[in-house]
Amino acid sequence: MIKPRARSTKPGAALLAWYDVQRRELPWRARAGEAPDPYRIWLSEIMLQQTTVATVKERYAAFLSRWPAIEDLARAPVDDVLAQWAGLGYYARARNLHACARAVVDSADGFPSDEAALRRLPGIGPYTAAAIAAIAFDQPCVAVDGNVERVIARLHAIETPPRKVAPLVREKAAALMSPARPGDSVQALMELGALVCAPRTPDCPACPLSSFCAARRLRAQSDYPARALKRPKPRRRGAIFILRRGDEALLLRRPPRGLFGGMNAFPSTPLTQDVAAAEFSGFAPCAARWRALEEPVTHVFTHFALEATVFVAHTRAKAAPSDCRWAARANLGKEGLPTLMRKAAARAGLLDA
DNA sequence: TATGCGTGGGA
DNA sequence: TTCCCAAGCAT
């Protein structure tokens, strides 16, 4: 008795057939048969770096509405772009986005379609360069993101540790690409990872590649991809200082780099360091009658958890301490504060929580 | 190459 | 509560 052959189709073709039916309508995604807009693809790819589709959907619409074309974005002051980005995190993305817009608009050739040229632009790394080249320009480039790595690692039961797995994943992903439809192939792999081959509970019965999947044969889907060992997240303490001048002005500063680089922030202890309560006063922006609010604000970053005591003081001084500026309280919402700083402002009763 | 860099949601 | 992690990049 000959076993019936389940693999009637090649995996790459099965993947595309699945994508043609199951693909989501996304604001930045061209509909079938429509030409993609490189500006929109690029903007979405930058926003989507380490950020969920649900979050990006909301922010993308507002961003695109404000700057409909890359020339508009290039013309805008970088501070406006950062303010619009506030709350999205990883603020270097916004600085690089703006720098990239200016570089593209200043160049005679417009938006590059070549992976290598894209890779040279600020904020565009290996994944994003390949994704833009494939999706916006239909070039045969293999974009490997977290989704693709997971799909491929399971498909081939790859045991290679995460640090060294990239070349193999890339090779296996390339084998799934359709030469006729590179953009759709790339998106299909990512879509499969997002909708079916999910990190925790893959829906294998719904997967077009299930009959090819080594991890499924081993009944060990959750063992792939091999995960890096995690280090415990340090807990740090710090203080945030909110100085009020009368009822109309607040003291803000912009950290030049690092955490919240370029963003508006209240003066604080160096938040990436653990600072004991006894040391707080040494970091206040000026001498004043600082009053500590009862409940600290807590915030969890990628690499540490913070508990910050919020201090408030009033002053009548006109001059702002060095590195700082006065901002109208009424504009606080528009200034574009990072989420932690919004929490602090809310705790002080200056913003709605 | 290992680390720093935000935030929000789901299990 | 805690953990995981989401279309990564720069240095």
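Reminder, nothing fancy here: chain letters follow the sequence lines and each chain counts from 1. Here the structure is a predicted model, which is why all the values come from computation and not from measurement. Just the heavy atoms: all of them, side chains too, but no hydrogens, waters or symmetry mates, feed the values below.
- Protein atom NZ of A/Lys57 is 14 Å distant from nucleotide atom P of C/dA7, rounded to whole Å.
- Taking the side chain of A/Leu259 as heavy atoms from C-beta on, and the options B/dG6, C/dA6, C/dA7, the nearest nucleotide is B/dG6.
- Within the 4.0 Å cut-off from OP1 or OP2 of B/dG4, not a single side-chain nitrogen or oxygen of A/His303 is found.
- Rounded to an integer number of Å, the gap from A/Glu45 CD to C/dG8 P is 9 Å.
- Under the 4.5 Å side-chain heavy-atom criterion for ILVMFWY residues, no single connected hydrophobic cluster contains both A/Leu97 and A/Tyr90.
- Atom NZ of A/Lys233 is separated from atom C1' of C/dT1 by 13 Å (rounded to the nearest Å).
- Atom pair A/Phe301:CZ and B/dT7:P shows a separation of 6 Å (rounding to whole Å applied).
- Residue A/Thr302 places none of its side-chain N or O atoms closer than 4.0 Å to OP1 or OP2 of B/dG6.
- Closest to the A/Thr52 side chain, of the nucleotides B/dG6, C/dA6, C/dC3, is C/dA6.
- Remark: the separation of the C1' atoms in B/dG6 and C/dA6 is 12 Å, to the nearest Å.
- Residue A/Arg150 is classed as a sugar-phosphate contact, given heavy-atom separations below 4.0 Å to backbone atoms only.
- Among the protein residues, A/Lys230 comes within range of the sugar-phosphate backbone only, with heavy atoms under 4.0 Å from sugar or phosphate atoms but none that close to a base.
- In this model, the phosphate group of B/dT3 is approached by a side-chain N or O of A/Arg231 to a distance below 4.0 Å at OP1 or OP2.
- As judged by a 4.0 angstrom heavy-atom cut-off over every strand, A/Gly193 is placed among residues making no nucleic acid contact.
- The CG-P distance, from A/Leu306 to B/dG6, rounds to 13 Å in whole Å.
- Side-chain atoms of A/Arg66 and A/Gln84 include a donor-acceptor pair closer than 3.5 Å.
- Comparing B/dG4, B/dG6, C/dC9 against the side chain of A/Gln49 picks out C/dC9 as the nearest.
- A/Ile124 comes within contact range of the sugar-phosphate backbone alone, with a heavy-atom separation under 4.0 Å but no base atom that close.
- At the heavy-atom level, A/Thr128 lies under 4.0 Å from the strands shown only through sugar-phosphate atoms.
- Toward the 5' end of DNA chain B, the nearer of the two residues A/Arg200 and A/Gly89, judged by each one's closest nucleotide, is A/Gly89.
- Place A/Gly123 and A/Leu48 on DNA chain C by their nearest nucleotides, and A/Leu48 ends up nearer the 5' end.
- The residue A/Ile132 sits apart from the nucleic acid: no heavy atom pair falls under 4.0 Å.
- A/Gly261 comes within 4.0 angstrom of no nucleic acid atom, judged by non-hydrogen atoms across all strands.
- Rounded to a whole Å, the CG atom of A/Leu43 is 18 Å from the P atom of C/dA7.
- The phosphate of B/dG6 has neither OP1 nor OP2 within less than 4.0 Å of any side-chain N or O from A/His299.
- Taking atom P in both B/dA11 and C/dA7, the straight-line distance is 15 Å, to the nearest Å.
- Here A/Val300 lies in heavy-atom contact (under 4.0 Å) with a base.
- No contact: A/Arg95 has no heavy atom under 4.0 Å from any strand.
- Among the atoms of the strands shown, none is found under 4.0 Å from any heavy atom of A/Arg235.
- Using cut-offs of 30° and 60° for the angle between ring planes, the A/Phe111 and A/Phe137 rings count as tilted.
- Residue A/Thr272 is in sugar-phosphate contact alone, with no base atom involved, counting any heavy-atom pair closer than 4.0 Å across all strands shown.
- Along DNA chain B, the nucleotide nearest to A/Gly258 and the one nearest to A/Lys343 differ in position, and the one closer to the 5' end is contacted by A/Gly258.
- Residue A/Arg29 is classed as a base contact, given a heavy-atom separation below 4.0 Å to a base.
- Residues A/Arg40 and A/Glu45 are not paired through a salt bridge, judged by the lack of any N-O separation under 4.0 Å between the basic side chain and the carboxylate.
- At C/dA10, none of the side-chain N or O atoms of A/Tyr90 fall inside 4.0 Å of OP1 or OP2 (strictly under the cut-off).
- Atom NZ in A/Lys164 sits roughly 9 Å away from atom P in B/dT1 (whole-Å rounding).
- Going from the C1' atom of C/dT11 to that of B/dT1 covers 10 Å, rounded to whole Å.
- Checked for salt-bridge contact, A/Arg254 and A/Glu335 miss the test: no charged N lies under 4.0 Å from a carboxylate O.
- Using a 3.5 Å distance cut-off with no hydrogens or angles, the side chains of A/Glu159 and A/Tyr224 do pair a donor with an acceptor.
- For B/dG9, its base never sits under 3.5 Å from the side chain of A/Thr55 at any donor and acceptor pair.
- Between A/Phe311 and A/Phe241, the ring center distance clears the sub-6.0 Å criterion.
- Phosphate proximity of C/dG8 to A/Gln50: present, with a side-chain N or O under 4.0 Å from OP1 or OP2.
- Side-chain contact, A/Lys343 with A/His299: a donor N or O sits under 3.5 Å from an acceptor N or O.
- Within 4.0 Å (heavy atoms only), A/Trp85 reaches no atom of the nucleic acid at all.
- A/Thr51 comes within contact range of at least one nucleobase, with a heavy-atom separation under 4.0 Å.
- Comparing A/Asn96 and A/Arg24 by the nucleotide of DNA chain C that holds the closest heavy atom to each, the one mapping nearer the 5' end is A/Arg24.
- Put simply, CZ on A/Arg236 is 13 Å from P on B/dG6, counting in whole angstrom units.
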